[in-house]
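Written below as structure tokens is the structure these notes are about.
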Amino acid sequence: MTRIKRGYIARRRRTKIRLFASSFRGAHSRLTRTITQQKIRALVSAHRDRGRKKRDFRRLWITRINAAIRKGGVSHSYSKLIHNLYNRRLLLNRKILAQIAISNRNCLYMILNKINPESLPESLPESLPESLPEALKTPQALLRINGGFFYRTS
């Protein structure tokens, strides 16, 4: 009986695995068995860290919102702000709130004024530009300009 060699099929499979691990160091990029173990480990880490990335960004946004609120002298804490937003049915996600807190703090104060009028600092009307039309001085219009999501459910 003739001898059958596993020729190019096995070689092609191993080459494909080696291409995945070409950036690994040492034996992790050269030995087939070690490469497969490292590939599994890398894919597990990537899957885990996709969820961790979402968590980390949410924590960052919450920290930015909280810092902007407290720095402005507003009597809200972060938790009261989110609670009041949901009670008033002003649905804004934390990413957009954090962007507004950094780029346009006046808009954030206008949103806070919508929620709780006595929590607004007195310096807000002078800080808005005079050239801005009255139609654009509403929180809805400013959020539309900033690319935010602003809608009421009732």
Side-chain angles (χ1 to χ4, degrees), residues 1-74 76-115 127-129 131-133 135-154:
M1 193 174 199
T2 58
R3 178 174 162 231
I4 299 172
K5 297 191 295 182
R6 287 202 44 182
Y8 76 100
I9 296 171
R11 190 167 54 248
R12 196 168 53 186
R13 179 176 52 84
R14 290 186 195 115
T15 305
K16 202 186 321 180
I17 293 171
R18 276 199 184 91
L19 286 174
F20 181 87
S22 62
S23 62
F24 296 170
R25 295 179 66 187
H28 299 266
S29 67
R30 286 191 290 273
L31 303 179
T32 306
R33 192 175 296 172
T34 314
I35 287 173
T36 53
Q37 291 170 356
Q38 287 303 307
K39 180 181 177 183
I40 291 169
R41 186 171 179 178
L43 293 174
V44 165
S45 297
H47 180 261
R48 181 196 64 224
D49 291 338
R50 278 195 296 273
R52 186 170 287 169
K53 181 180 171 184
K54 291 178 182 69
R55 265 197 312 271
D56 289 344
F57 269 106
R58 184 181 168 102
R59 285 178 61 194
L60 175 69
W61 297 329
I62 289 171
T63 305
R64 284 179 176 171
I65 294 166
N66 199 10
I69 290 169
R70 291 176 190 269
K71 186 177 181 184
V74 181
H76 276 95
S77 68
Y78 169 79
S79 59
K80 288 180 186 174
L81 168 69
I82 296 298
H83 177 72
N84 289 338
L85 277 173
Y86 278 102
N87 283 347
R88 297 291 222 123
R89 297 191 188 115
L90 297 171
L91 303 176
L92 290 165
N93 62 15
R94 286 157 183 82
K95 179 181 179 180
I96 298 300
L97 274 174
Q99 286 177 351
I100 292 169
I102 290 173
S103 64
N104 193 351
R105 196 157 292 159
N106 293 332
C107 183
L108 181 69
Y109 292 149
M110 291 177 78
I111 294 167
L112 293 175
N113 191 22
K114 272 288 216 204
I115 297 169
S127 57
L128 282 174
S131 60
L132 197 64
L136 293 179
K137 289 186 179 178
T138 64
Q140 294 93 337
L142 285 171
L143 285 170
R144 224 174 294 121
I145 291 169
N146 287 333
F149 303 104
F150 186 95
Y151 51 92
R152 292 180 71 114
T153 55
S154 67

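- Using a 4.5 Å cut-off on side-chain heavy atoms (C-beta onward), Asp49 and Arg52 make contact.
- Heavy-atom minimum distance, Ile100 versus Cys107: CG2-CB, 3.9 Å.
- Under the 4.0 Å criterion applied to side-chain N and carboxylate O atoms, Lys53 and Asp56 are not assigned as salt-bridge partners.
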Show every donor-acceptor pair shorter than 3.5 Å between a side-chain atom in residues 28-36 and any protein atom, with sequence neighbours excluded, or say none if there are none.
from	atom 1	to	atom 2	distance (Å)
His28	ND1	Gln38	NE2	3.2
Ser29	OG	Phe24	O	3.4
Ser29	OG	Gly26	O	3.0
Thr32	OG1	Arg18	NH2	3.2
Thr36	OG1	Thr32	O	3.4
Thr36	OG1	Arg33	O	2.7

Candidate pair His83 and Asn87, rule side-chain contact (heavy atoms from CB on, under 4.5 Å), full reasoning: CA-CA 6 Å; His83 177 72; Asn87 283 347; 2.9 Å; yes

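- Interatomic distance, CD1 of Ile69 versus CG of Leu97, reported as 8.0 Å (0.5 Å rounding).
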Would you mind writing out the side-chain donor-acceptor pairs for residues 57-65 within the sub-3.5 Å range, not counting sequence neighbours?
from	atom 1	to	atom 2	distance (Å)
Thr63	OG1	Arg59	O	2.8

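- In this model, no donor atom of one side chain and acceptor atom of the other lie less than 3.5 Å apart for Asn84 and Arg88.
- The neighbour count for Arg48 CZ, taken as heavy atoms of other residues, nucleotides or ligands under 6.0 Å away, is above 12.
- Looking at heavy atoms from C-beta onward, Ile111 lies in side-chain contact with Leu85 at the 4.5 angstrom threshold.
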